[in-house]
Amino acid sequence: MVSHRPRVLSGIQPTSGSFHLGNYLGAVRQWVSLQDSHDAFYMVVDLHAITVEQEPATLRENTRTSVAQLLGVGLDPERCTLFVQSHVAEHAQLAWVMNCITGFGEASRMTQFKDKSAKQGADRTTVGLFTYPVLQVADILLYQADQVPVGEDQRQHVELTRDLAERFNHRYGQTFTVPNPYILKETAKIFDLQDPTAKMSKSASSPKGIVNLLDEAKVSAKKFKSAVTDTGTVVSFDEKEKPGVSNLLSIYSAISGRTVAELVEHFDGKMYGALKTELAEFFTEWVAPIQERTRTYLDDPAQLDAILAQGAEKARAVAEQTLTTTYDRIGFLPAKR
Ligand code: AQP
């Protein structure tokens with residue numbers, strides 16, 4: 001059946017044993033809500049993960065845990081296409097084509113590469129990390145996605161996708177949909193609890209500022225309670241003057257569904273400690289069913305495999321079509337079998 005709903009595509013790396021709140025609030029939560037209004041394609045991007053060294057058994061385990069978490073937070077394989085990137089060979093194939101129309105200078109301007117390679121040092125930085133954004137371009141264009149739900153840190157990569165889609169279309173004729181980023185302002189960037197000027201990130205120097213969905217709830221509660229807050233005592237939302245308190249309010253608002261204004265009123269006359277304690281308690285209750293559902297999926301590997309097989313088949317059907325058209329436009333001879 002041909003869907004006339006706009007299409008969304010997004011991915012998440014299996015580079016950790018758990019998603020953190022930044023991944024969830026910045027991206028994955030939107031994936032769940034877009035399932036009903038959009039023709040949604042979501043994947044665990046294991047090809048992206050190997051741009052830094054991965055231990056094979058850990059990568060396998062993290063890939064399964066990522067899929068289980070996506071199901072645990074509410075993705076429904078009947079309402080979206082959920083798959084693992086390496087199960088669809090066309091990602092790597094289209095990435096090569098995209099590599100060949102990307103300028104070296106253009107790729108060198110990607111800030112995430114600059115940050116990550118600076119942290120890792122030249123000797124440990126791979127060519128794969130350099131071309132990571134181009135693989136991401138291929139991921140998006142393969143599915144002719146209209147929108148890409150991601151956090152703010154991915155905006156530049158979606159811009160690159162737009163540029164390359166337009167370049168290809170201009171050179172070879174209309175082939176790719178030019179996508180738009182789908183970034184929710186309120187949760188575009190969740191900050192580290194210990195350093196509220198830096199994004200919550202699994203490669204942060206200390207785990208104390210990162211809240212993981214699958215950590216024991218009491219560990220996360222402790223992190224909320226010892227979050228760095230700001231000078232003053234009044235609970236108010238001011239990202240410049242009160243980045244710590246504002247980050248806690250954004251998180252609380254996003255997981256509770258209450259507006260920031262409502263929360264500020266609720267904490268009127270109370271100190272920062274009250275906000276931290278209440279958020280820690282709320283989070284504990286909120287995360288329990290997610291953990292429970294994730295565990296249920298992890299306990300049934302055969303079911304996970306079946307979901308992924310079905311997802312890959314649906315994804316391949318679209319990806320094959322795009323790649324065939326792309327190869328033809330470029331001038332590759334069709335392969336006769
Ligand atoms: N702090 C964040 N706030 C909002 N959104 C975020 N995302 C990541 N961190 C935040 C969004 O999560 C999605 C999946 O990202 P990924 O698989 O690329 O994960 P990542 O970027 O590897 O996660 P980290 O923690 O940021 O890892 P490192 O430290 O390795 O860079 C994306 O849509 C991303 O925007």
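Counting convention: from 1, in listed order, for ligands and their atoms alike. The structure presented is a predicted model; accordingly, all values stated were derived computationally and were not measured.
Taking distance alone, with nitrogen or oxygen atoms compared against 3.5 Å, I190 approaches ligand 1 more closely than that limit. For a threshold of 3.5 Å applied to N or O pairs, the pair formed by S201 and ligand 1 contains at least one separation below that value. At least one N/O-N/O distance between G151 and ligand 1 falls below 3.5 Å. An N or O contact shorter than 3.5 Å is missing between K189 and ligand 1 by distance. Distances between N or O atoms of G22 and those of ligand 1 include at least one value under 3.5 Å. Here's the thing with A27: none of its N/O atoms is less than 3.5 angstrom from an N/O atom of ligand 1.
Taking a cutoff of 4.0 Å between a charged side-chain nitrogen and a carboxylate oxygen, D36 and R79 qualify as a salt bridge. The residues R109 and E159 are annotated as not salt-bridged, no charged nitrogen and carboxylate oxygen being separated by less than 4.0 angstrom. A salt bridge links R155 to E152: at least one charged side-chain nitrogen sits closer than 4.0 Å to a carboxylate oxygen.
Remark: Q321 CD to T326 OG1 distance equals 10.5 Å, nearest 0.5 Å. Atom CD in Q136 sits 4.5 Å away from atom CD in Q154 (nearest 0.5 Å).
Every atom of ligand 1 with a heavy atom of I12 under 4.0 Å away is listed here by number and element: 14 (C), 17 (O). Residue G26 approaches ligand 1 through these ligand atoms, each under 4.0 Å from one of its heavy atoms: 4 (C), 5 (N). Within ligand 1, the atoms closer than 4.0 Å to a non-hydrogen atom of V150 are 33 (O), numbered from 1 in the order shown.
A donor-acceptor pair under 3.5 Å links the side-chain atoms of R329 to the main chain of Q174, judged by distance alone. Judged by distance alone, with hydrogens and angles left aside, the side-chain atoms of R293 form no donor-acceptor pair with the main-chain N or O of G74 at under 3.5 Å. Put simply, the side chain of Q54 gets close to the backbone of A49: a donor and an acceptor are under 3.5 Å apart.
Scanning the protein for heavy atoms near atom 18 (O) of ligand 1, the closest one is Q13 NE2, 3.5 Å. Residue, atom and distance of the protein heavy atom nearest to atom 20 (P) of ligand 1 are K202 NZ, 3.3 Å. For atom 35 (O) of ligand 1, the closest heavy atom belonging to the protein is D153 OD1, 2.4 Å. Of the protein's non-hydrogen atoms, the one nearest atom 12 (O) of ligand 1 is N23 ND2, 3.2 Å. Protein heavy atom closest to atom 28 (P) of ligand 1, with residue, atom name and distance, is S203 OG, 3.4 Å. Distance from atom 26 (O) of ligand 1 to its nearest protein heavy atom, with residue and atom name: K199 NZ, 2.6 Å. Among protein heavy atoms, atom 30 (O) of ligand 1 sits closest to K116 NZ, 3.2 Å. Considering only non-hydrogen protein atoms, atom 32 (C) of ligand 1 sits nearest to Q154 CG, 4.0 Å.
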Quiz item: Please walk me through it: do V228 and D195 pass side-chain contact (heavy atoms from CB on, under 4.5 Å)?
Solution: CA-CA 7 Å; V228 166; D195 176 5; over 6 Å; no
Quiz item: What's the verdict on side-chain contact (heavy atoms from CB on, under 4.5 Å) for E166 and R162, showing C-alpha distance, side-chain angles and the deciding distance?
Solution: CA-CA 6 Å; E166 279 165 0; R162 292 175 57 82; 4.2 Å; yes
Quiz prompt | Worked check of side-chain contact (heavy atoms from CB on, under 4.5 Å) between K119 and S203 | solution = CA-CA 10 Å; K119 267 192 208 164; S203 53; 3.8 Å; yes
Exercise. For the pair D215 and K223, evaluate side-chain contact (heavy atoms from CB on, under 4.5 Å) and give the outcome as yes or no after the intermediate values.
Key: CA-CA 11 Å; D215 277 354; K223 290 180 182 175; 3.6 Å; yes
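Contacts between H20 and ligand 1, counted as non-hydrogen atom pairs separated by less than 4.0 Å, involve the side chain only. The proximity of A188 to ligand 1, defined as any non-hydrogen pair under 4.0 Å, is limited to the backbone.
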